[in-house]
Amino acid sequence: MKLGEKIFVLRKRLGLSQEDLSNSLNVSRQSISNWETGTANPEINKLPLLAETLGVSVDFLLDESCDMTDLDSKIHHEESEKANDPPEPGRQETTSKTDYPSWLDDLPKALKTGIHQYGWIFGIYLTLYGLGFVIFGIIGKAIIGRATASLYTDSKIVVQPDNLPREVVNQITDQLGQDTAGRNFMSIIPNAALIIGIVVIIIGLVLAYSLKQWGQREKK
């Protein structure tokens, strides 16, 4: 994961705007934008303060082989060790703050990875993917519907059994039946795309709304 992507994701997870981060580092907002897009890199003397503000180490920021999943695994490991360690005498235990709601642990790994990397914006991405499936399903149903209507019109051709051999009549009837069955089978694809798209849209909207609301509560 590149440095700019880490800065963007960490800033979003902390609920900071580019203006907030630029004020903390005493740089311009445009500098933050350039860092996140990869058109420029932070000055070396800014890296320690940048890492401290984002709550990570300089090594993590610079190591492109590490992503947000590695960071969350490390945090989880450290929190587990702290939970198992006996409290120091005379020191009151404090509740550790988790990065995300606990219910995320019940989600599939692919969803958790996307959320850890992009935050609530991942829900918007899912919604857009779902919308793509819905559009594909609508277009597919329209195309197959027109083809079926055309087939229905063709099937209304009157065949005079007295003027044609019975074998020919049977072949025409069988062919029309096979074409209709084939189109009915093909209609399964756009219908499935519609269902998948609607489900993905619902999941994306729920995730985006829930994580956005959770982030706003944590900032208060």
Do I7 and L21 touch side chain to side chain, with heavy atoms closer than 4.5 Å?
-> yes
Heavy-atom pair with the smallest gap, counting every atom of S57 and A51 | C-CB, 3.8 Å
Cluster question for you: counting only ILVMFWY and a side-chain heavy-atom cut-off of under 4.5 Å, with indirect links fine, are I139 and L131 together?
-> yes
Going through the distances and angles, do N26 and L49 end up as a side-chain contact (heavy atoms from CB on, under 4.5 Å)?
-> CA-CA 10 Å; N26 195 24; L49 182 57; over 6 Å; no
For the side chain to side chain donor-acceptor pair (under 3.5 Å) test, which of S24, S17, S22 pairs with D20?
-> S17
Would I138 end up clustered with I143 when hydrophobic side chains under 4.5 Å apart are linked, directly or stepwise?
-> yes
Say whether V58 and L14 are linked into one hydrophobic cluster, either directly or through other cluster members, by side-chain heavy-atom distances under 4.5 angstrom.
-> yes
So which heavy atom on N45 is nearest to which on P48, and how close?
-> O-CD, 3.8 Å
F60 vs L54 side-chain heavy atoms within contact, under 4.5 Å = no
Would the number of heavy atoms belonging to other residues, nucleotides or ligands and lying under 6.0 Å from NZ of K141 be above 12?
-> no
Measuring from E5:CD to L3:CG, what's the distance to the nearest 0.5 Å?
-> 9.5 Å
For the side chain of R11 and the backbone of L16, is there at least one donor-acceptor N/O pair under 3.5 Å apart?
-> yes
Q18, K6, K12 screened by side chain to side chain donor-acceptor pair (under 3.5 Å) with E36, the one that passes = Q18
Donor-acceptor pair, T37 side chain versus N34 backbone, under 3.5 Å?
-> yes
According to a 4.5 Å side-chain heavy-atom criterion applied to Ile, Leu, Val, Met, Phe, Trp and Tyr, with indirect links allowed, do L205 and Y129 form part of one hydrophobic cluster?
-> no
Please round to the nearest 0.5 Å and tell me the distance separating atom CG of L194 and atom CZ of F136.
-> 9.5 Å
Report the distance from atom CZ of F122 to atom OG1 of T127, rounding to the nearest 0.5 Å.
-> 10.0 Å
Do L62 and V56 share a hydrophobic cluster (ILVMFWY, side-chain heavy atoms under 4.5 Å, transitive)?
-> yes
So how far is it from T53 OG1 to L25 CG, rounded to the nearest 0.5 Å?
-> 5.0 Å
Shortest non-hydrogen pair, E43 vs W35, comes out as OE1-CZ2, 3.8 Å
Least distance between heavy atoms, P42 atom then L47 atom | CB-CD2, 4.1 Å
Specify the closest pair of heavy atoms between I198 and V134, including all atoms of both residues, with the distance to one decimal.
-> N-CG2, 3.8 Å
Here the pair of heavy atoms bringing A208 nearest to I124 is CB-CD1, 4.0 Å
Side chains of M1 and V9: closer than 4.5 Å at any heavy-atom pair?
-> yes
